[in-house]
**Q** 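Handing you this structure, nothing more for now.
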Amino acid sequence: MTDAPAEQFQTLTGMRDVLFPESSRRRALVQLFAEVVESAGYRELSPPLLEHLGVFLRVGETTDVVTKEMYDFTDKDGSRIALRPELTAGVVRAFVQHRPLLPWKVWYSGSNFRHERPQKGRYRSFEQVGVEVLGVDDPDLDVEVIALAWRFYTALGLRQVRLLLNTLGEHSDRERYTDAVRAHFEARAADLSEAGRTTLARNPLRVLDSKRPEDRAVVADAPVVADCLSPGAAAHFERVSAGLDALGIPYTEDPRLVRGLDYYRRTTFEFVADALDAAQNAVGGGGRYDRLAEDMGGPPTDGIGFALGVDRILLACDAEGVFPGPDAACDVFVVDLVGGESARDLTHGLRDAGMSADRRFGGGSMKAQMKAADRSGARIAVLVGPDELEAGEVTLRPLRGHAPTAGSAPADAGGGGGREQRRVRRDDLIDELRNEL
Ligand code: AMP
């Protein structure tokens, strides 16, 4: 027998517990997102957290997310599986598996996992909300999708989010562009950082994304995709730009904005929050893709979507002082000084009536119970002492922060509408509270 203290565990590096009130703020954010996108006909899809490794290899064999950061492992039956690092792959896998009617407009929310170097706004477990649409090749859909993300940021109250917009052209345009970019960087390889050269060997377009100061000058001189656009891709982009103009959504054309995946084509976009540090200011991104459904064994299908980072959006909300989250306090707190049966029965009855009610367990003095009532944030306390019990009544007492301020009480407090402490019949409690709350 040893008396060694039990090991105390902490969360894994880069992972966090989300405690109240942040937890209810997150839920409210997802709820708001659902309202915005469901008003446009998007329906929820919940893909699993684990997929066959191959699902993710399809989307990004050349990206860090898949090659370096993925939590992949061998399952008990020997199959290779992975925790999702993003959601598009699972959505397209689900599309191919279920063959829904087209167009398929879905939204999702949930956790993703990437083995990154954690810092503020960059975690190993983080949440996204997003949409994907499969089966529509129409630039007006690109406008709808971008407008929904914009509507969501606006509904949160964010005012310092900027939309960056680019096109990658068609596949052939993109190939020509990739060749031009590769030739440019290879000619200037000596001026690039070591990491920049490694990226160049793997995925030349990704070098355009480099935030390293050493690479900046070479990146600034790189060719732009507009030089390589086919007429069809140029017309698509014009229609998207015109649509955003028509809807009054401001954007900046950013010819350096490339998404690293081979599947992206035509429209690509990113949202940056100017209230955040530049290194972690991307609060969402998306674009058009194709060939993904085919590569997962489905028919050729156009796709477009975006994913927004919930953790960073909330940091941006903090920085702008918006979206404080809902008031989660209870309506009523029952204070029982007569043995606990009243608290037991009244809280139950109040909840039956659709109100939120809490109490203190284990009884305690009036002072202790009133302290708990104040801490609960409830608007009103229902007190039951010996007098009230005897008379078949209860006392209603407005709580700190909800009590009437001088001059705000109705002139005729005797008429029943007053907000001072008062006694009411226990049988009338629900009706009285309905009037009061
Ligand atoms: P991505 O799938 O990489 O395009 O990311 C989409 C959005 O998810 C980004 O704009 C970020 O807001 C967010 N995001 C990506 N990686 C992380 C991370 N490690 N921690 C927190 N948020 C992230």
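Heavy atoms only: backbone and side chains are in, while hydrogens, waters and symmetry mates are out. In each ligand, atom 1 is the first atom listed, and ligand 1 is the first ligand listed.
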**Q** Answer yes or no: does an N/O atom from G285 fall short of 3.5 Å to an N/O atom of ligand 1?
**A**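 Between G285 and ligand 1 (N or O atoms, distance only) the closest approach is not under 3.5 Å.
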**Q** With a 3.5 Å cut-off and no angle check, do the side chains of Y264 and D290 form a donor-acceptor pair?
**A**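 Short answer, no.
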**Q** For ligand 1, find out whether one of its N or O atoms is nearer than 3.5 Å to an N or O atom of D311.
**A**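 Between D311 and ligand 1 (N or O atoms, distance only) the closest approach is not under 3.5 Å.
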**Q** Does CZ belonging to R117 count more than 12 external heavy atoms closer than 6.0 Å?
**A**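 Incorrect, the count does not exceed 12.
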**Q** Distance only, no hydrogens: is a donor on one side chain within 3.5 Å (strictly under) of an acceptor on the other, for Q128 and S109?
**A**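 No.
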**Q** Checking contacts here: is it the side chain or the backbone of Q128 that comes within 4.0 Å of ligand 1, counting heavy atoms only? Could be both or neither.
**A**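 For Q128, the contact with ligand 1 is made by the side chain alone.
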**Q** What is the ring orientation for W104 with F95, classed by angle as parallel under 30°, tilted 30 to 60°, or perpendicular over 60°?
**A**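 Because their plane-to-plane angle lies in the 30° to 60° range, the rings of W104 and F95 count as tilted.
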**Q** Would R16 and D311 count as a salt bridge (charged side-chain N to carboxylate O under 4.0 Å, His left out) here? Give the steps.
**A** CA-CA 11 Å; R16 296 148 303 150; D311 309 84; 2.9 Å; yes
**Q** Do G284 and ligand 1 have an N or O pair less than 3.5 Å apart?
**A**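 Yes, since at least one N or O of G284 sits under 3.5 Å from an N or O of ligand 1.
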**Q** Looking only at heavy atoms, is any part of R122 under 4.0 Å from ligand 1, and if so is it the side chain, the backbone, or both, or is it neither?
**A**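 The answer is both, backbone and side chain.
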**Q** Provide the number and element of each atom of ligand 1 under 4.0 Å from a heavy atom of A282.
**A**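 Those of ligand 1 that fall under 4.0 Å from A282 are 9 (C), 10 (O), 11 (C), 12 (O).
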**Q** Enumerate the atoms of ligand 1 whose separation from the nearest heavy atom of A307 is less than 4.0 angstrom.
**A**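 Those qualifying, in numeric order: 6 (C), 7 (C).
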**Q** Out of D173, D142, D137, which residue meets the salt bridge (Lys or Arg N to Asp or Glu O under 4.0 Å) rule with R266?
**A**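 So the option named by the test is D137.
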**Q** Check each atom of ligand 1 against the heavy atoms of G309 and keep those under 4.0 Å away; list them by number with element.
**A**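 Matching atoms, with element in brackets: 7 (C), 8 (O), 12 (O), 13 (C).
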**Q** If you count the atoms of ligand 1 from 1 in the order shown, which ones are under 4.0 Å from a heavy atom of G121?
**A**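 Once the distances to G121 are compared, the set is 20 (N), 21 (C), 22 (N).
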**Q** Verify the neighbour count for atom CZ of R256: are there more than 12 heavy atoms of other residues, nucleotides or ligands below 6.0 Å?
**A**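 For R256, atom CZ is crowded (more than 12 foreign heavy atoms under 6.0 Å).
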**Q** Taking non-hydrogen atoms only, is R114 closer than 4.0 angstrom to ligand 1 via side chain, backbone, both or neither?
**A**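 The side chain, only.
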